[in-house]
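Below, chain A is the first sequence line, B the second, and so on; all start at residue 1. Bear in mind the structure is a predicted one, so any value in this text is a computation, not a measurement.
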Protein chains: 2
Amino acid sequence: MEYSYEAPVLTVDAVIFQLIDHQLNVLLIKRSREPFKGDLALPGGYNPKGETTLSALERILLSKTGLNKNKLKLIEQLYTFDTIARDPRGHAVSVVYMGLCRNVKITPSITKEQPRFMPLSKLPNLAFDHQAIIDYALERLASKVSYTNAIFGLLPKEVTLTQLQRAYEAVLGHKLDKRNFRKRILALDLLKPTTKYSTDGAHRPALIYLFRKQSLETSNKLID
Amino acid sequence: MEYSYEAPVLTVDAVIFQLIDHQLNVLLIKRSREPFKGDLALPGGYNPKGETTLSALERILLSKTGLNKNKLKLIEQLYTFDTIARDPRGHAVSVVYMGLCRNVKITPSITKEQPRFMPLSKLPNLAFDHQAIIDYALERLASKVSYTNAIFGLLPKEVTLTQLQRAYEAVLGHKLDKRNFRKRILALDLLKPTTKYSTDGAHRPALIYLFRKQSLETSNKLID
DNA sequence: ACAAAAGTGTTAAGAATACACCCATGT
DNA sequence: ACATGGGTGTATTCTTAACACTTTTGT
């Protein structure tokens with residue numbers, strides 16, 4: 001087999017989520033070439049021999065969108081798609097990662113791909129099957145935040161309970177009851193109260209909490 | 001980039017589970033070449049251009065172990081490993097699948113790889129990081145059976161409640177309470193009672209139930 | 001008769017849900 | 001003073017967990 005073996009093309013793609021204005025956004029670029037020239041797509045590219053998929057992903061993200069890997073608070077492999085007609089010339093296998101970040105500003109003019117975050121609720125038609133990939137990633141994220149502390153990836157180290165609740169609501173796609181949410185979150189021991197208060201408007205200041213962990217931990221209880 | 005692009009080697013590997021004698025077993029082969037010559041390993045091989053990973057997997061399974069794809073009651077992608085030194089000559093990326101089957105007899109003499117099912121509890125040292133892959137697959141399976149009907153993949157269409165309980169126990173790795181188990185399983189509406197009884201020994205015959213679905217369905221309740 | 005697995009309910013504890021008002025601040 | 005989001009408790013329902021004896025069969 002090896003003598004006649006020729007490998008398919010290997011690519012990597014990234015679904016990078018960020019909360020902007022309490023809405024879940026995803027990082028997209030404009031395709032500069034056929035196929036789907038001019039359409040929006042997930043950032044991605046070729047994975048050459050000798051480079052791991054994660055390292056290729058980080059390199060490509062930086063070059064196409066200016067997003068540095070140290071801005072990603074969480075990155076994990078999502079799924080490998082092998083039926084994508086990414087390149088009309090032949091078979092391509094794409095390893096897709098999902099990443100979370102916060103407070104990242106992307107300047108579209110940085111590259112010809114004009115990277116930008118766009119709200120999930122207002123996406124135009126995307127290239128390839130990238131809409132389906134984003135849907136899948138969102139499903140995975142929603143499931144992930146309900147049995148891990150993954151939500152920290154979308155938030156600063158210090159949060160108010162309302163900020164946290166907004167983040168869960170954006171990911172899960174539905175409203176949560178304030179009192180029940182607080183009871184459960186505090187019971188999970190995810191957060192440590194500080195003595196500081198956030199004063200961000202014409203209302204009572206909110207107590208600030210600290211995430212106990214900034215790395216992925218699995219819990220046995222659920223948020224849904 | 002494309003002009004100088006050379007793809008890594010792409011491989012596929014399979015973690016195939018089956019219950020034998022109420023124990024979870026995994027399909028292994030003996031490596032006939034270096035590296036790890038003589039050690040047991042997951043069945044796998046090269047994925048050439050033009051073939052999807054699933055189709056390559058099915059082809060390789062058949063050729064190396066004699067297991068036909070129509071014996072797999074469930075097969076799904078598990079994870080893509082890209083740091084495996086599968087081939088000492090260079091970078092290899094391996095897409096790993098997990099599959100479930102039942103009542104499959106493998107004849108080791110069928111190929112020089114001497115395929116066989118072995119109980120998870122008694123595995124020798126395996127080639128590469130295949131032990132870690134199996135651990136990961138088992139974890140995924142345990143999680144899967146607790147929120148889907150995936151357990152059907154390990155059992156015949158018709159089962160008794162005790163058989164079903166044994167299967168859950170083998171996958172989850174711990175005992176379940178008989179009365180609570182029955183209440184919950186029947187509440188899930190996974191099964192349909194028949195009017196037949198199984199008489200397989202010196203004891204009261206057990207009512208036989210039928211799986212309502214032989215395809216993966218997600219439930220909202222949990223077995224744990 | 002006995003061994004072996006099948007079958008069957010109740011109670012208690014814990015978890016989830018529904019729900020409405022006062023508090024502290026900025027303007 | 002009013003608008004805005006922050007903060008708090010209870011009662012009810014539902015879910016889970018713990019637990020032991022009788023039934024039916026083959027030998």
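Remark: A:E76 engages A:K144 in a salt bridge, criterion side-chain N to carboxylate O under 4.0 Å. A salt bridge does not link B:R166 to B:D21: none of the charged side-chain nitrogens sits closer than 4.0 Å to a carboxylate oxygen. Contact check on A:R31 versus A:E113 returns no salt bridge, with no Lys/Arg side-chain nitrogen under 4.0 Å from an Asp/Glu carboxylate oxygen. The pair A:K30-A:D39 does not meet the salt-bridge criterion, since no charged nitrogen lies less than 4.0 angstrom from a carboxylate oxygen.
OP1 or OP2 of D:dG6 sits under 4.0 Å from a side-chain N or O of A:T162. Residue B:R184 has a polar side-chain atom (N or O) positioned under 4.0 Å from OP1 or OP2 of D:dA17. Remark: A:R182 is in phosphate contact with D:dG7, judged by side-chain N or O atoms under 4.0 Å from OP1 or OP2.
Rounding to whole angstrom units, CG of residue A:D177 and P of D:dG9 are separated by 15 Å. Atoms OH (A:Y197) and P (C:dC23) sit 15 Å apart, rounded to a whole Å. Computed from coordinates, the A:I185 CD1 to D:dG6 P distance equals 15 Å when rounded to whole Å. One can place CG of A:L176 at 13 Å from C1' of C:dA16, the figure rounded to the nearest angstrom. Rounded to whole Å, the distance from NZ on A:K183 to C1' on C:dC19 is 10 Å. In this structure, B:H203 atom NE2 and C:dA1 atom P are separated by 22 Å, rounded to whole Å. Taking atom CG of residue B:L164 and atom C1' of nucleotide C:dA6, one finds them 15 Å apart after rounding to whole Å. Taking atom CZ of residue B:F181 and atom P of nucleotide D:dA17, one finds them 14 Å apart after rounding to whole Å.
Distance from the side chain of A:R179 is smallest for D:dT8 among the nucleotides D:dT8, C:dA5, D:dG5. Picking from D:dG7, C:dA6, C:dG26 the nucleotide with the shortest atom distance to the side chain of B:R204 gives C:dA6. The listed nucleotides are D:dG6, C:dA5, D:dG26; the one nearest the side chain of A:A206 is D:dG6. Of all nucleotides listed (D:dC19, C:dC19, D:dG5), D:dC19 comes nearest to the side chain of B:N180.
Closest-nucleotide positions on DNA chain D for A:L186 and A:D200 were compared, and the one nearer the 5' end corresponds to A:D200. Comparing B:T160 and A:D224 along DNA chain C, the residue whose closest nucleotide (by nearest heavy atom) sits nearer the 5' end is B:T160.
Looking at A:K178, its side chain has no donor and acceptor atom pair within 3.5 Å of the base of C:dT17. Remark: the A:K175 side chain and the C:dT17 base include no donor-acceptor N/O pair separated by less than 3.5 Å.
Residue A:L161 is classed as having no contact, given no heavy-atom separation below 4.0 Å to the nucleic acid.
In this model, a donor atom of one side chain and an acceptor atom of the other lie less than 3.5 Å apart for B:T53 and B:Y97.
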